[in-house]
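Bear in mind that the values here come from a model prediction, so they are computed numbers and not experimental data. Just so we're on the same page: letters track the sequence lines, and every chain starts at 1.
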There are 2 protein chains.
Amino acid sequence: MHLDQTDKTLLKLLQKDCKQTNKALSNVLGLSVTAVYERIRKLENLGVINNYVALLNKERVDKSFVAFCHVKLVQHSQDYVVKFEREVAKLQEVLECYHISGDYDYILKVLVKDMQEFRTFMVEKLTKINHIGSTHSMFVINEVKHTTTISV
Amino acid sequence: MHLDQTDKTLLKLLQKDCKQTNKALSNVLGLSVTAVYERIRKLENLGVINNYVALLNKERVDKSFVAFCHVKLVQHSQDYVVKFEREVAKLQEVLECYHISGDYDYILKVLVKDMQEFRTFMVEKLTKINHIGSTHSMFVINEVKHTTTISV
DNA sequence: GATGAAACTGTGGTGCA
DNA sequence: TGCACCACAGTTTCATC
């Protein structure tokens, strides 16, 4: 796989706004509409472009509380790890979950309505998963930056 | 602002795939194409839908290393805070940055090619920002879950 | 990668409940 | 206010060069 400069520019444009017409893109890139169409198809087929999604304003859908939650398991047997990861992936409040190096095993990004809902999430959902040793939560005071755009 | 069940279903569908035609959406929702079109326009105008973007496979664009980086400032004067936030927002390697509660002031999600590039990022970019007291990095071993879909 | 044609979709007007 | 129907302009998509 090799991406030339045109591919990279195209990816940059589509990461910013994927609803642009091929005609608009063709103007920026100095190509024909078909050439743009074929490059996009190529990038999709190569799996460089995963999918196209609508991003919402979380405050407007009443989800204003973001927290990062560290989790440590009591043990690290494969059984426990697999089970925890499967259960946590099911929780819709958990937008992201990573297995990380350091004092804790996992870091989770959790999105809920408010502090009260976060408490409910912790008590009734997260800590209901077995084999969790300890957790440590950090609350987001302010979102400084949040982008889905990868520099290519 | 009030979102009915149809709006919520529509948001769920568009968060999964925003390239679906209004016709396909109208079939799922049991509405006419125009009705779907008008609801989407409404959600855009209300600012519920922020934008439409292409999501990339980070491995396919040679960005396989994710790290979370805690940052503490030496002081918390407004001047220092504003300056740090402005500088960090400019760094393309930083996908997310949050001001958080707890021992550290900020948590950053950093995406680069590999460990070596991370080192370069830390030495030549992040710690070049003034007034940083200390940092603490955690490396992602495995991505368990990563979604942009907010449950509505 | 360009051109041109066919099929389809987005978009806005009008009317109905 | 919200939806359905209709029609046109513009877009996607594909065959051909």
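A search for salt bridge (Lys or Arg N to Asp or Glu O under 4.0 Å) contacts involving B/Asp79 returns nothing, not counting sequence neighbours. Under the side-chain contact (heavy atoms from CB on, under 4.5 Å) criterion, A/Asp114 pairs with A/Gln116, A/Glu117, sequence neighbours left out. Applying the side-chain contact (heavy atoms from CB on, under 4.5 Å) rule to A/Gln20 yields the partners A/Leu13, A/Asp17, A/Leu25; only residues at least two apart in sequence or on another chain are considered. Listed by chain and residue number, B/Asn57, B/Ser64 satisfy the side-chain contact (heavy atoms from CB on, under 4.5 Å) test with B/Glu59 (two or more places apart in sequence, or in another chain). For A/Gln75, the side-chain contact (heavy atoms from CB on, under 4.5 Å) partners are A/Ser77, A/Tyr80, not counting sequence neighbours. In terms of the side chain to side chain donor-acceptor pair (under 3.5 Å) criterion, B/His136 has no residue partners (sequence neighbours excluded).
Other residues sharing the hydrophobic cluster of A/Tyr104, ordered by chain and number and joined by side-chain separations under 4.5 Å: none, the residue standing alone. The hydrophobic cluster of B/Val123 has no other members, since no ILVMFWY side-chain heavy atom comes under 4.5 Å of it. A/Val110 forms part of a hydrophobic cluster together with A/Phe65, A/Val71, A/Leu73, A/Val81, A/Phe84, A/Val88, A/Leu91, A/Val94, A/Tyr106, A/Leu108, A/Val112, A/Met115, A/Phe118, A/Phe121, A/Met122, A/Leu126, A/Ile129, A/Ile132, A/Phe139, B/Val144, judged by ILVMFWY side-chain heavy-atom separations under 4.5 Å.
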> What string of B, S and - do you get for nucleotides 7-14 of chain C, 5' to 3', when a contact is any protein heavy atom under 4.0 Å?
Replying inline: --SSBBB-
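Put simply, chain B comes within 4.0 Å of DNA chain D, heavy atom to any atom, from D/dC3 to D/dC6, going 5' to 3'.
Under a cut-off of 6.0 angstrom, the local environment of NZ in B/Lys16 is sparse, with at most 12 non-hydrogen atoms contributed by other residues, nucleotides or ligands.
Helix bend of the helix from C/dG1-D/dC17 to C/dA17-D/dT1: the angle between its two end axes, each built from five pairs, comes to 30° after rounding to 10°.
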